[in-house]
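For reference, the structure discussed in these notes is given below.
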6 protein chains.
Amino acid sequence: MARALAEDLGVFGDITAALVPADAVARGAFVARAAGVLAGRRCAAEVFARVAPGVELGWALDDGDALSAGTRIATVAGALRPVLTAERSALNFLGHLSGVATLTRRYVDAVAGTACRILDTRKTTPGLRALEKAAVRAGGGANHRASLSDMVLVKDNHLTGLSIAEAVAAARRRWPMRTVEVECDDLDQVDQAVRAGADVVMLDNMDPDDVATGVALVGGRALVEVSGGVTLATAAAYAAAGADLISVGALTASAPSLDVGLDLVPARID
Amino acid sequence: MARALAEDLGVFGDITAALVPADAVARGAFVARAAGVLAGRRCAAEVFARVAPGVELGWALDDGDALSAGTRIATVAGALRPVLTAERSALNFLGHLSGVATLTRRYVDAVAGTACRILDTRKTTPGLRALEKAAVRAGGGANHRASLSDMVLVKDNHLTGLSIAEAVAAARRRWPMRTVEVECDDLDQVDQAVRAGADVVMLDNMDPDDVATGVALVGGRALVEVSGGVTLATAAAYAAAGADLISVGALTASAPSLDVGLDLVPARID
Amino acid sequence: MARALAEDLGVFGDITAALVPADAVARGAFVARAAGVLAGRRCAAEVFARVAPGVELGWALDDGDALSAGTRIATVAGALRPVLTAERSALNFLGHLSGVATLTRRYVDAVAGTACRILDTRKTTPGLRALEKAAVRAGGGANHRASLSDMVLVKDNHLTGLSIAEAVAAARRRWPMRTVEVECDDLDQVDQAVRAGADVVMLDNMDPDDVATGVALVGGRALVEVSGGVTLATAAAYAAAGADLISVGALTASAPSLDVGLDLVPARID
Amino acid sequence: MARALAEDLGVFGDITAALVPADAVARGAFVARAAGVLAGRRCAAEVFARVAPGVELGWALDDGDALSAGTRIATVAGALRPVLTAERSALNFLGHLSGVATLTRRYVDAVAGTACRILDTRKTTPGLRALEKAAVRAGGGANHRASLSDMVLVKDNHLTGLSIAEAVAAARRRWPMRTVEVECDDLDQVDQAVRAGADVVMLDNMDPDDVATGVALVGGRALVEVSGGVTLATAAAYAAAGADLISVGALTASAPSLDVGLDLVPARID
Amino acid sequence: MARALAEDLGVFGDITAALVPADAVARGAFVARAAGVLAGRRCAAEVFARVAPGVELGWALDDGDALSAGTRIATVAGALRPVLTAERSALNFLGHLSGVATLTRRYVDAVAGTACRILDTRKTTPGLRALEKAAVRAGGGANHRASLSDMVLVKDNHLTGLSIAEAVAAARRRWPMRTVEVECDDLDQVDQAVRAGADVVMLDNMDPDDVATGVALVGGRALVEVSGGVTLATAAAYAAAGADLISVGALTASAPSLDVGLDLVPARID
Amino acid sequence: MARALAEDLGVFGDITAALVPADAVARGAFVARAAGVLAGRRCAAEVFARVAPGVELGWALDDGDALSAGTRIATVAGALRPVLTAERSALNFLGHLSGVATLTRRYVDAVAGTACRILDTRKTTPGLRALEKAAVRAGGGANHRASLSDMVLVKDNHLTGLSIAEAVAAARRRWPMRTVEVECDDLDQVDQAVRAGADVVMLDNMDPDDVATGVALVGGRALVEVSGGVTLATAAAYAAAGADLISVGALTASAPSLDVGLDLVPARID
């Protein structure tokens, strides 16, 4: 937050707002200009708390609430100068994080009616992981690993000089309380992973039919995560195939910003 | 950078890579999986310098170079563990920043053959402004304001209790060396801005015909920037209308990540 | 690390070492003055790398290695001034972290011959959690939660307005991939936790007989962690009762520093 | 403080407390579970101010006050969720720092009735020096050097190429206002140090009889500090021998955490 | 700010103020002891807000206001201890920044009656650029570049392998919106710079007559900045010669601190 | 250091140096343009190490060495771009800190032939205390307190509700190892301070005759520091009056920057 504000204020602060009369005030509202899901409310509130501490925000909605074009998110009232200075930083948080929540919600809706959960990945924007993962939750998704130290996730390249069974056993020995997942490219690996006692089996880049076969093979002994190349068009098929979890890198790596604006009516104090 | 690495390493570091034998090594390459423009090379290099200091990177390309699906960006050779640990953080920088550069290049190509320049805006991802603006340059675009203290940009809401002429005069008095720009919604404002001596006139949300009229009115006395709602489909028309500059918020707010991967061949040392 | 060095160097740096002739050199060794287990090698090395970059350290041992009184841990050779300046900071890391590793090893040894693992807790010294948890691993223990966001651990006070079953279900829904543990004060709660599908059942402040009963009731459907009041004298009994895990706050909260010193032979360069 | 909270909150914050109903409240108290001396009140208060800003703390005691098992230190009242989230961080500060104050008080009590003061050393936990030294004061001790730039303390290894007289003279010349102390291993060095005009003479690893001889030799011309191997059992003898100051590394390096808990009665708001 | 306070408080805080009775209070005022211009009010206020939060400051003046010896700047009322602790840090900000504002005002007064503006340079005290540049504005001056990324300023040494015309053209191509200035040592360079379309021409180390010739040559096509060796004695002559801007490194590099003190009347609470 | 570089590089780095051909090189030297004393060498070296890591600096002089106009301080050789980028930051450190050292040396020379030492004060530029105090030492001065926690310095305002004797006694009890100084406005206070056992007596704003009387009264039982209003013209008289120490706020608060430049000969690589 401090960094985001510092990069927008620069050395001299807002040299244009300083031209505005000190007694000018403004009333207005943050308004969605497109349909979506709100996220980033606390960030926007903190931007105003730091840059425009005397300006009042009246929040009508909270993270996770649905937005249509024209939905008023929060009212704004106070001195004009600090409102103008805080505007873009607040909108950048709202737009980016609501964009993540909105795309997540679309995936969640795509698998509605099943028990399948939509997960994010570690493909997050550098420096924003905690915020983006919170936005995924606001959109109805769940979080995969927060970091490399959270869970054990054995991938192909880790199986250099050790088998799946050995990897899972070593993971259990070192990290007895943590979730252990194994990425599998084929059914033979799925079989090895389940026998080794993995908590989660990741089916990587498989089509829905193969996933259905994998789910049957696992037989409830582990959670099944589908990963790789799942789109809004194909998510339902994977869920129908019995996947417990579908992870989607695009949620955080490629969500377009949601268009949110600040409509203001400036005025001079009488 | 420190923050991005800290958020990916977490408290314990990479607990999966630690399962891999210490003497395992890897050779491979960062490879583009889609066409685009490279950006973020220095970030990826710094990730490896910090997380995998003994691993050798051999860069074949630099920021701004064109990528096709399959283009090798850099070779990687060294111990397997740190390569696996550094992989995702490096890819997150490359993917995000190359995504920005790639979208920029598409806009630049759309106005090719004219003198029109593509600009970014302040709609950047919080905390990443300097990196994203560098990626815009890598894509062939130019940078608008870095921060609120860089230039004076008078918008509608600033004109509360003062005229365009008064705003420009005040700006010149306070900041005699800095660029002064005025956002105009109609031709009357354009006329005022030019007479006031603005360096740049921003034509906001106008169609190409209105822009052509505005350009004629300005008559070379100021630069003309077009802003608001310009798409890849309409950019050429605005350039043809004589705009000097087109600013596009989507370059940094909505560029999808470019798909870049790391292809590895792990091995044990003989 | 930066903080630890800043607090020891102060505003003027080492004003006593500055009295020593610039050409004085020293040879010597870090030596254990009591039996124990080494931890903190990387910290001590980093202290020297920052404060005494030209001084050579030759490490004879690594974290986790056993120490007796008199064991040489690393040799030191270089200019006397920076060695004297770096000495205390390096020893503070070695002493504190080896103290943690040493106490951990004593608990690990106490349950040797069983499958029971010794765990740390969140009772760590403020600011040193990652280092102390690494020292626990060096001592042969395993790590419980790194932070409140790592796993779900439902305790008594969380069961305000919701049952164990509801808590576990809510945890699974929100955090489908994370370990869920329930603290239980009696066998009825153990039964509820296991039926709710908890991954780990914590038996809190029970004696070994009750633990044995609890283990039987769980019947392998979850891991059993014993917590609260376990000492070196009683650890074996709990392990014998079938506990999978024993967590001990004292590992990080009350481990005395291990006595490590730096024996030096200063000299003038001939 | 920020660091300690960040390491306990992790990426997602307290994912277990989030399961608790938002309207649950709690009343309770921080309670000592063993006898000792309180320290760390300001740290605990700051933890709550940051993590649980709406929760009221009512402090009954201040740093330096005596604690028995069962003593109520402060009352707590407010929303349950933030109380649970703040609990462990606050207790870690209270436990660690009260542990330091408690051990200090025991040494202070051991020399009661004499003019001898108990001092800490630079053997502090990395990053916590200021807090631990404040805890020593809370326990009735006094502080030796805060850092290497505070005072001049000439030890054996500094006397490479220069005599005690030369070292003291150089120290006075460079730092005319700062305390100059000389570590002495025998009476000859004591004599040299006093003649050189040292402010403090440190008698290192001597028995009480030798200390008495040293004190007589010094004859009030300098303060006499005893250092090295003093225990609770021997402190009184050193004080009786006339030592002005006794420094004890264990105060900060090996004080066990004092057992402090938070007793809570959670409830739903009616 | 945090850094300035940390360096003055040190490890233990204000150990002298701690000797004062806790119930002692003080009334007083910040008072100028010499004539000048106030700057640094916000810094001094923040020092008190952090170090002495309960102490009331009543500001009589704001940055830019004139001071005579004896002018009361702000009243102070509150507990004595924190006032004494905050005093020096607040005075250091007020003294240093008012010193900059005062020297600036003297230059501004020297060119009064002309349109010439006084500018600062990048010769600022390391770490204090933003504050010192604000003090220059408080003194009536204007700011040159904030940093190397603000504007293009082509100097002699940049013209290695490229001409003035090439440098200006390259700058325009890369940075179409930013001010481009060229440092000129003679009239031929001035001619080149103006033809190349530079926004500002810097006349370096010329006497007033040469400046007048340069101004005539430029003929209003660019702003003319005079730089190098201008003193209070010669500034008026340069302004009379038609310089638009005079930059003076001494404003920030060599302004003596303005003498500001804190007059206090301490008392015990009755 | 990081802060100083960040404020000069800004968001885009050096946009002018980027116009220079990448293969341009430069040879040159840092040169004093006025007489004085060098300080800040390590800072300048670190600027180049960070901004221009491939550029070679050959230092001819070290901190404390005398400079005349034209003295070459260090040679510079390497790529032109980074040299130009690093130049101003390096010069700002050299100029400011050499300014402090130079003014200090003038005071030191003024008291040459006596045992009197010149001291700095806490009137330092915010954030630069450690560097400025090192520059004072480079100029031959000595350092007074580094911070409020270094020594006890009892001033008038501290004597609210307690006598000098009580203040000194309390200071000794709390801080048995630290220097205790008392500021005295008249001989009666001097008498009290010496009887109380103060280590240093500060004679505040007295003329040389009164100082001589004070020195006689002290009679060697404490150091005598003269403070307040001492100038280069009067320093010798105070030293002759027997002052052990003279503290001068102007050393750090009002030293003009020493003029140091970088003379370069740029070239293209053949």
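Just so we're on the same page: letters track the sequence lines, and every chain starts at 1. Quick caveat: nothing in here was measured; it's all calculated off a predicted structure.
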Taking only distance into account, so ignoring hydrogens and angles, what donor-acceptor contacts under 3.5 Å exist between chain E and chain F?
residue, atom, partner, partner atom, Å
Arg3(E), NE, Gly127(F), O, 3.2
Glu7(E), OE1, Arg129(F), N, 3.2
Glu7(E), OE2, Gly127(F), N, 2.8
Asp8(E), O, Leu148(F), N, 2.8
Asp8(E), OD1, Arg122(F), NE, 2.8
Asp8(E), OD1, Arg122(F), NH2, 3.3
Asp8(E), OD1, Arg129(F), NH1, 2.6
Asp8(E), OD1, Arg129(F), NH2, 3.2
Asp8(E), OD2, Arg122(F), NH2, 2.7
Val11(E), N, Ser149(F), OG, 3.1
Phe12(E), N, Ser149(F), OG, 3.4
Gly13(E), O, Ser149(F), N, 3.3
Ile15(E), N, Leu148(F), O, 3.2
Thr16(E), OG1, Leu153(F), N, 3.0
Ala18(E), O, Arg174(F), NH1, 3.0
Asn92(E), ND2, Arg122(F), O, 2.8
Asn92(E), ND2, Thr124(F), O, 3.3
Arg122(E), O, Asn92(F), ND2, 2.8
Arg122(E), NE, Asp8(F), OD1, 2.8
Arg122(E), NH2, Asp8(F), OD1, 3.3
Arg122(E), NH2, Asp8(F), OD2, 2.7
Thr124(E), O, Asn92(F), ND2, 3.3
Gly127(E), N, Glu7(F), OE2, 2.8
Gly127(E), O, Arg3(F), NE, 3.2
Arg129(E), N, Glu7(F), OE1, 3.2
Arg129(E), NH1, Asp8(F), OD1, 2.6
Arg129(E), NH2, Asp8(F), OD1, 3.1
Leu148(E), N, Asp8(F), O, 2.8
Leu148(E), O, Ile15(F), N, 3.3
Ser149(E), N, Gly13(F), O, 3.3
Ser149(E), OG, Val11(F), N, 3.1
Ser149(E), OG, Phe12(F), N, 3.4
Leu153(E), N, Thr16(F), OG1, 3.0
Arg174(E), NH1, Ala18(F), O, 3.0
Ala253(E), O, Ser257(F), N, 3.3
Ser254(E), OG, Ser257(F), N, 3.0
Ser257(E), N, Ala253(F), O, 3.3
Ser257(E), N, Ser254(F), OG, 3.0

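Interface remark: of the candidates Gly249(F), Pro21(F), Ala167(F), Ala6(F), Pro21(F) forms the most heavy-atom pairs closer than 4.5 Å to chain E. In terms of heavy-atom pairs under 4.5 Å with chain F, the best-connected choice from Pro256(E), Gly10(E), Ala171(E), Pro126(E) is Pro126(E). For the options Leu91(F), Leu162(F), Leu128(F), heavy-atom pairs under 4.5 Å to chain E are most numerous at Leu128(F). Between chain E and the options Val152(F), Val83(F), Val20(F), the largest number of non-hydrogen pairs under 4.5 Å is found for Val152(F). In terms of heavy-atom pairs under 4.5 Å with chain E, the best-connected choice from Ala4(F), Ala2(F), Gly13(F) is Gly13(F). Taking chain E as the reference chain and counting heavy-atom pairs below 4.5 Å, the highest number among Val154(F), Leu153(F), Leu5(F) is found for Leu153(F).
Ala130(F) pairs by the side-chain contact (heavy atoms from CB on, under 4.5 Å) definition with Val11(C), not counting sequence neighbours.
Contacts between Ala250(E) and chain F at a heavy-atom distance below 4.5 Å are absent for every atom of the residue. In this structure, chain F has a heavy atom under 4.5 Å from the side chain of Leu84(E), while its backbone stays farther away. Looking at Leu264(F), both its backbone and its side chain come within 4.5 Å of chain E, counting heavy atoms on both sides.
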